[in-house]
Visitor: 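Quick one: the structure is below, questions incoming.
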4 protein chains.
Amino acid sequence: MSPKSKQQNELIKVGRKHEISATALKLFAENGFQHTTISAIAKEAGIAKGLLYNYYDSKEALIKEIIISELHQFTNLFDSNNDGILTAEEFEFFIKNTIATLKKNPEHWKLYFAAFLQKDVLQILRHELEAKLMPQYLILIDYYRRKGETNPEAAALLLTATLDGISLNYIHAPDAYPLEALGELILQKFK
Amino acid sequence: MSPKSKQQNELIKVGRKHEISATALKLFAENGFQHTTISAIAKEAGIAKGLLYNYYDSKEALIKEIIISELHQFTNLFDSNNDGILTAEEFEFFIKNTIATLKKNPEHWKLYFAAFLQKDVLQILRHELEAKLMPQYLILIDYYRRKGETNPEAAALLLTATLDGISLNYIHAPDAYPLEALGELILQKFK
Amino acid sequence: MSPKSKQQNELIKVGRKHEISATALKLFAENGFQHTTISAIAKEAGIAKGLLYNYYDSKEALIKEIIISELHQFTNLFDSNNDGILTAEEFEFFIKNTIATLKKNPEHWKLYFAAFLQKDVLQILRHELEAKLMPQYLILIDYYRRKGETNPEAAALLLTATLDGISLNYIHAPDAYPLEALGELILQKFK
Amino acid sequence: MSPKSKQQNELIKVGRKHEISATALKLFAENGFQHTTISAIAKEAGIAKGLLYNYYDSKEALIKEIIISELHQFTNLFDSNNDGILTAEEFEFFIKNTIATLKKNPEHWKLYFAAFLQKDVLQILRHELEAKLMPQYLILIDYYRRKGETNPEAAALLLTATLDGISLNYIHAPDAYPLEALGELILQKFK
DNA sequence: CATGAATGAGATTTCATTCAT
DNA sequence: TATGAATGAAATCTCATTCAT
């Protein structure tokens with residue numbers, strides 16, 4: 001008799017939205033952005049096409065929201081509450097942790113990288129990303145300075161680039177890639 | 001008024017084909033795969049749409065040929081005297097040349113990386129890619145083995161990953177990125 | 001906590017219905033039929049979409065009811081004492097009242113004219129319209145016959161057409177249009 | 001062997017465009033804007049839907065271009081090359097000519113009126129329309145001034161409105177409407 | 001009576017590809 | 001070889017209407 005309560009509706013909406021984005025994410029990872037249609041997403045999510053537009057204004061908006069939300073999660077990985085001084089021990093932990101994270105969900109990382117190459121998406125998040133990553137970067141520079149590196153900035157950038165490159169290569173052929181061995185080697189060369 | 005000779009026609013054909021791929025590359029880099037239409041490529045190249053199909057069987061084929069050709073240019077940098085043995089000198093030359101190539105046309109590389117993340121594109125290129133890169137990979141492994149590395153395979157992969165990572169980072173902010181300094185550092189750590 | 005009486009419910013219903021039609025009228029006038037959605041009407045009226053369908057069977061029905069009701073208001077202006085005989089005094093009153101009505105809400109009339117040009121809307125209203133307007137048309141003819149006009153039918157049609165034309169012109173530029181002066185002139189020429 | 005010449009293509013294009021707009025015009029008149037779909041226009045014109053978009057950017061653009069082009073034709077009816085003095089004889093000719101024009105193509109006039117009620121379309125042509133109609137209006141005012149009317153501006157506006165109103169009424173029921181009789185009456189009352 | 005999430009038919013639009021010339 | 005009008009399949013998007021609650 002009576003309509004659904006506001007809380008009920010809110011629950012439904014949040015659930016649906018998450019359902020849609022999860023489905024879309026899955027299909028993007030499976031088939032790529034280009035070949036993932038709204039129809040396919042709706043079908044896979046078990047809803048009518050039209051409903052999707054109750055939650056996202058357009059396909060473009062859907063893709064962007066998903067990527068942005070993924071990148072948000074990504075940037076949160078780098079939130080640290082340490083004292084600003086990186087010890088050799090912490091360095092080792094950082095590297096191993098990065099590798100473990102990578103191993104846990106390669107598909108997500110593929111999306112991150114795809115996102116990095118989407119000009120407009122990146123634009124939106126650039127400031128946020130920089131704000132998140134800058135402290136880490138500064139700590140790394142300090143680490144290398146204390147170690148007596150001639151060009152600590154370059155050293156920090158090199159480590160970052162190496163980790164990016166490993167990630168990129170790993171997500172392409174997760175099964176065959178010797179992540180751990182590379183982790184060891186990084187510690188040898190970069191610690 | 002005499003008909004063009006076969007050689008002349010061949011020349012025109014090769015030139016035309018290059019013109020098309022260069023135009024396509026430019027537009028892909030500017031607007032992304034998705035938003036670059038065959039019409040736009042033909043218009044920008046100053047030819048009719050139909051003619052494009054005399055040179056490339058499909059849009060897919062066009063994209064793939066461009067990427068392969070990019071890759072070709074890159075792989076040719078390696079092991080300049082082709083004797084299968086990489087000397088320290090050649091190694092240095094390879095690194096420096098890679099960096100110079102990167103600097104010369106970041107847009108090309110952006111395309112390359114974007115393609116790398118397009119599942120289907122990669123799938124078809126994988127064999128070709130492997131065939132191209134494998135010899136060089138083997139040469140690198142051999143290089144590190146001769147240098148006495150414990151895990152020469154990992155060392156080769158790490159170098160590759162680092163170069164990829166640098167490329168990826170560089171194409172995002174070409175102006176501020178200290179490519180040369182990183183090149184020096186690579187030589188220090190990886191030669 | 002006692003349930004609402006039948007009369008109360010009836011009052012709410014009538015009020016609600018009027019609220020909806022007023023809102024719809026406003027939005028139709030602002031954005032045109034085509035670009036006014038049921039959702040927008042419901043939102044603007046502060047009710048749920050579903051409730052609107054308790055009052056009107058369809059969007060078409062809503063539009064038609066609005067137009068008919070507009071027309072109703074208009075036709076009631078005519079032949080104020082309903083005796084079937086139009087006096088010169090009543091004629092003057094009719095003209096002045098028409099002009100006053102026009103001035104009061106140009107948007108209503110814009111809708112009315114727009115509707116007039118929508119084939120299907122008109123089709124359905126034609127009978128109803130004729131039934132409403134015919135008596136008044138006959139009264140006008142009678143008026144002109146008594147005045148000794150050679151072609152009283154044409155005279156009646158001409159007056160009708162003139163009033164329509166004035167309305168049409170007025171709603172386009174209400175501010176600059178000398179409605180009153182035209183009213184005077186009509187009385188001079190048509191009374 | 002050789003492609004179509006530029007002139008040939010130009011001919012095809014102009015012909016097609018005219019074909020499309022004529023078909024659209026016909027269907028608009030038959031079914032109204034609202035109920036005329038791009039599919040229906042394409043089908044009736046015997047072409048693929050897609051082709052329509054080679055000639056018009058969108059349905060909206062198609063509709064507007066047609067209306068604007070119709071209105072252009074309409075404004076051209078009012079191009080006069082007379083001496084600025086309207087004689088009683090010329091007045092009579094003007095009225096009769098207007099009525100004859102109306103009779104020749106009621107469907108077009110219906111579109112004109114529909115156009116007048118499309119806010120944005122009118123906006124585009126307002127200046128042009130005013131420029132075309134103003135001279136006529138001034139000549140009419142002068143005509144009534146010379147005749148000793150107290151308010152010649154109002155008299156001119158009233159005539160204009162009356163003609164508009166007649167047109168509006170006529171296009172609704174062309175068969176039964178006594179156009180000629182009304183023409184005579186106008187001459188009686190307005191000359 | 002009241003809600004608004006959900007439907008689904010149908011509209012518009014895009015664009016790689018073909019083909020008559 | 002070269003053209004670009006034309007195709008048509010498939011995509012995105014809209015919105016009046018329904019219905020479980």
Side-chain angles (χ1 to χ4, degrees), chain A residues 1-6 8-10 12-13 15-16 34-42 46-60 62, chain B residues 3-4 9 12-13 16 34-43 47-62, chain C residues 3-4 9 12-13 16 34-43 47-62, chain D residues 1-6 8-10 12-13 15-16 34-42 46-60 62:
Chain A
M1 283 297 166
S2 59
K4 295 195 192 77
S5 76
K6 283 216 168 143
Q8 274 180 304
N9 267 327
E10 200 50 39
I12 289 174
K13 270 173 92 162
R16 264 287 190 248
Q34 185 133 214
H35 297 109
T36 302
T37 66
I38 288 287
S39 289
I41 296 169
I47 60 169
K49 260 183 305 193
L51 186 56
L52 202 148
Y53 288 88
N54 280 15
Y55 295 94
Y56 298 93
D57 283 347
S58 67
K59 190 192 181 186
E60 197 83 338
L62 166 62
Chain B
K4 295 195 192 76
N9 271 330
I12 288 172
K13 235 174 129 167
R16 192 82 94 179
Q34 186 129 220
H35 298 111
T36 302
T37 65
I38 288 287
S39 287
I41 296 170
K43 193 179 219 174
I47 60 168
K49 264 183 297 193
L51 187 55
L52 199 148
Y53 284 85
N54 282 14
Y55 297 95
Y56 297 93
D57 285 346
S58 67
K59 194 189 182 188
E60 282 291 271
L62 170 59
Chain C
K4 295 195 190 77
N9 272 331
I12 289 173
K13 237 175 131 167
R16 191 82 93 178
Q34 186 128 221
H35 298 110
T36 303
T37 64
I38 287 287
S39 288
I41 296 169
K43 195 179 216 174
I47 60 168
K49 264 183 301 195
L51 187 54
L52 198 147
Y53 284 85
N54 282 15
Y55 296 95
Y56 297 94
D57 284 346
S58 66
K59 194 189 180 186
E60 279 295 88
L62 169 59
Chain D
M1 282 297 169
S2 58
K4 295 197 194 75
S5 76
K6 285 217 167 142
Q8 274 180 304
N9 267 326
E10 199 50 38
I12 290 173
K13 269 173 91 163
R16 264 285 190 251
Q34 185 133 215
H35 297 109
T36 302
T37 66
I38 287 288
S39 289
I41 296 169
I47 59 170
K49 263 183 302 196
L51 186 56
L52 203 147
Y53 287 88
N54 280 15
Y55 295 94
Y56 297 93
D57 284 346
S58 67
K59 190 192 181 185
E60 196 82 338
L62 167 61

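The structure displayed is predicted, hence computed values, not measured ones. A, B, ... follow the sequence lines: proteins, then strands. Residue 1 opens every chain.
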Visitor: Determine the minimum heavy-atom distance between B:His35 and A:Glu60, stating which atoms define it.
Guide: CE1-OE2, 4.1 Å
Visitor: Please report, rounded to the nearest Å, how far the P atom of E:dA6 is from the CG atom of A:Asn54.
Guide: 8 Å
Visitor: With a 4.5 Å cut-off on side-chain heavy atoms, are C:Leu51 and C:Arg16 touching?
Guide: yes
Visitor: Dot-bracket for DNA chain E: what is it, with Watson-Crick or G-U pairs under 3.5 Å, [ ] where a pair crosses earlier ones, and | for a pair to another strand?
Guide: .||||||||||||||||||||
Visitor: Between P on E:dC19 and CG on D:Asn9, what's the gap in Å once rounded to a whole number?
Guide: 18 Å
Visitor: DNA chain E: A:Tyr55 or C:Leu52, which has the more 5' nearest nucleotide?
Guide: C:Leu52
Visitor: What residues, two or more places apart in sequence or in another chain, satisfy side chain to side chain contact (heavy atoms under 4.5 Å, CB included) together with C:Tyr53?
Guide: C:Ile38
Visitor: For the backbone of B:Thr37 and the side chain of B:Lys59, can you confirm whether one donor and one acceptor N or O come within less than 3.5 Å of each other?
Guide: no
Visitor: If you look at every heavy atom in C:Ile47 and C:Leu52, which pair is closest and at what distance?
Guide: CD1-N, 4.1 Å
Visitor: Establish, with yes or no, whether the OP1 or OP2 oxygen of E:dA6 is under 4.0 angstrom from a side-chain nitrogen or oxygen of A:Arg16.
Guide: yes
Visitor: Quickly work out the B:Ile41 CD1 to E:dA16 P distance and round it to whole Å.
Guide: 8 Å
Visitor: Provide the closest heavy-atom pair for D:Lys49 versus D:Ser39 in the form atom of the first, atom of the second, distance.
Guide: CD-OG, 3.2 Å
Visitor: Using a 4.0 Å heavy-atom cut-off to protein, can you give one letter per nucleotide of nucleotides 8-13 of chain E, 5' to 3': B if the base is in contact, S if only the sugar-phosphate is, - if neither?
Guide: B-BSBB
Visitor: Tell me: CD1 of C:Ile47 to C1' of E:dG4, nearest whole Å?
Guide: 12 Å
Visitor: Expressed in angstrom and rounded to an integer, what is the separation of D:Lys13 atom NZ from F:dA6 atom C1'?
Guide: 13 Å
Visitor: When rounded to the nearest 0.5 angstrom, what distance separates CG in A:Asn54 from NZ in A:Lys13?
Guide: 8.0 Å
